[in-house]
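A quick write-up on the structure given underneath.
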Amino acid sequence: MIVRNENGELATCISQLQHSRMTGELARVWGNGRFGIPGPDGLLSFASGIHDIGWTEWEQNPHINPGTGHPYDFLSMPKQDHFGIWEAGYRHSSGFGLFPALLVLRHNGLLAGKQPCDVNDPELDHFLAFSNGKIKEITSQLQLEPALQQYTSDENIERLSSILLLLDYISLIMCMGKERPNPFGPPPTVKGTEFHMEADQTNPETFRLDPWPFGLKSFTW
């Protein structure tokens, strides 16, 4: 849940599934003369669109932050909740195929690795062991499929993962809005390309991204 506090009593709550859907639409228009579209066809947009599918059950009955009376924002919720959500992401995404499940797992594994934690965090260790084991298992299975072998190289999977991470970032910043400070720092890089994203001070709810990786001149949600 992405919570935009309007004042002390009101908030706009954007579900992770809506944010995920936006991410998928960003992926659908990815690619231009400078930025290519990695294969297989349609995988990037599909996996991006379901990358937060693990939130389905949580958002049907969201936990309430007693300090605000609103659902927990995804950045302020207990970190232990994330691990269950990420494992659910694998369970749900695996029903759509091995490749989408692989990208969802890799994405959540990257997020888990960035979690602030104690030196000994058994829940984090459990999730990372689960994620890494499933990634190896799925990759081995995909390499047995002749039609997919050309796409299972470490380079291609890393590229798909890095684009998904960037699109997730862009969508989150857009959903969080201009008034909320950016807690993430600069956008993720894609194959060494650095991006810059900033609020457009002349237009409401508008951001600028440079360089521009999409096939459209602008993206409106």
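- A salt bridge links D73 with R180: the distance from a Lys NZ or Arg NE/NH1/NH2 to an Asp or Glu carboxylate oxygen falls below 4.0 Å.
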Q. Would Y90 and L102 count as a side-chain contact (heavy atoms from CB on, under 4.5 Å) if you check the C-alpha gap in whole Å, the side-chain angles of each, and the deciding distance to 0.1 Å?
A. CA-CA 8 Å; Y90 164 71; L102 174 62; over 6 Å; no

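- Across P188 and L166, no two heavy atoms sit closer than the pair O-CD1, 3.7 Å.
- The CG atom of L164 sits 7.5 Å away from the OG1 atom of T23 when rounded to the nearest 0.5 Å.
- What you find for S20 and G49 is that their closest heavy atoms are OG-O, 2.9 Å.
- Rounding to the nearest 0.5 Å gives a distance of 9.0 Å between OH of Y169 and CG of L209.
- Distance check, rounded to the nearest 0.5 Å: CG of L103 to CG of L165 gives 12.0 Å.
- For Q80, the CD atom counts as densely surrounded, since its 6.0 Å shell holds more than 12 non-hydrogen atoms of other residues, nucleotides or ligands.
- Proximity of R34 to P211: side-chain heavy atoms (C-beta onward) are separated by under 4.5 Å at one or more points.
- L111 and L17 are not part of a single hydrophobic cluster, where members link through side-chain heavy atoms under 4.5 Å apart.
- The minimum heavy-atom distance linking I37 with R159 is given by the pair N-NH2, 4.1 Å.
- Under the 4.5 Å side-chain contact rule for hydrophobic residues, W221 and M176 share a cluster.
- A distance-only check finds no donor-acceptor pair linking the side chain of S76 to the backbone of Y72 [under 3.5 Å].
- The number of heavy-atom neighbours closer than 6.0 Å to CZ of R4, taken from other residues, nucleotides and ligands shown, is above 12.
- The shortest distance between side-chain heavy atoms of I163 and P38 falls below 4.5 Å.
- A side chain to side chain donor-acceptor pair (under 3.5 Å) check over residues 126-146, counting only residues at least two apart or in different chains, returns the pairs E87-H126.
- Residues P100 and I50 meet the side-chain proximity criterion, which asks for heavy atoms closer than 4.5 Å.
- Remark: Q60 CD to S15 OG distance equals 11.0 Å, nearest 0.5 Å.
- Note: the hydrophobic cluster containing M1 does not contain I64 (ILVMFWY, side chain heavy atoms under 4.5 Å, direct or indirect links).
- Judged by distance alone, with hydrogens and angles left aside, the side-chain atoms of H82 form a donor-acceptor pair with the main-chain N or O of F74 at under 3.5 Å.
- You'll find the side chain of R208 stays beyond 4.5 Å of the side chain of M197, heavy atoms only.
- Between the side chain of N32 and the backbone N or O of W212 there is at least one donor-acceptor pair closer than 3.5 Å.
- For T189 (side chain) and G192 (main-chain N/O), no donor-acceptor pair under 3.5 Å exists by modelled atom type.
- Between P40 and L148, the shortest heavy-atom contact is CG-CD2, 4.0 Å.
- Taking every heavy atom of both residues into account, C175 and M22 meet most closely at SG-CE, 3.8 Å.
- Side chains of H92 and E57: a donor on one and an acceptor on the other come within 3.5 Å.
- Look at K79 and D121 and you find a salt bridge, because one of the NZ, NE, NH1 or NH2 atoms lies within 4.0 Å of a carboxylate O, short of that distance.
- In the hydrophobic clustering of ILVMFWY residues, with side-chain heavy atoms under 4.5 Å counting as a link, L172 and V29 come out together.
- For F46 and F99, the distance between ring centers is not under 6.0 angstrom.
- In the hydrophobic cluster analysis, where Ile, Leu, Val, Met, Phe, Trp and Tyr join through side-chain heavy atoms closer than 4.5 angstrom, L105 is grouped apart from I53.
- At a cut-off of 3.5 Å, with distance as the only test, a side-chain donor of H19 or D168 sits close to an acceptor on the other residue.
- In this structure, the side chain of N156 engages the main chain of Y151 through a donor-acceptor pair within 3.5 Å.
- The salt bridge (Lys or Arg N to Asp or Glu O under 4.0 Å) check on E158 picks up R106, with sequence neighbours excluded.
- Here the CD1 atom belonging to I138 is positioned 7.0 Å from the CG atom belonging to L142, to the nearest 0.5 angstrom.
- In this structure, the side chain of N182 engages the main chain of G185 through a donor-acceptor pair within 3.5 Å.
- Using modelled atom types, no side-chain atom of S171 and backbone atom of L167 make a donor-acceptor pair closer than 3.5 Å.
- Within a 6.0 Å sphere centred on CG of N203, heavy atoms belonging to other residues, nucleotides or ligands number more than 12.
- For the ring-ring contact (aromatic ring centres under 6.0 Å, His included) criterion with F195, the lone passing option out of F207, F35, F214 is F35.
- No side-chain heavy atom of E9 sits under 4.5 Å from any side-chain heavy atom of H70.
- By the 30° and 60° cut-offs, the orientation of the rings of F127 relative to W86 is tilted.
- Here the closest heavy-atom approach between residue M174 and residue E205 is recorded as O-OE1, 4.4 Å.
- Looking only at distances, a side-chain donor or acceptor of H51 sits under 3.5 Å from a matching main-chain atom of S48.
- Rounding to the nearest 0.5 angstrom, the gap separating the SG atom in C13 from the CD1 atom in I2 is 10.0 Å.
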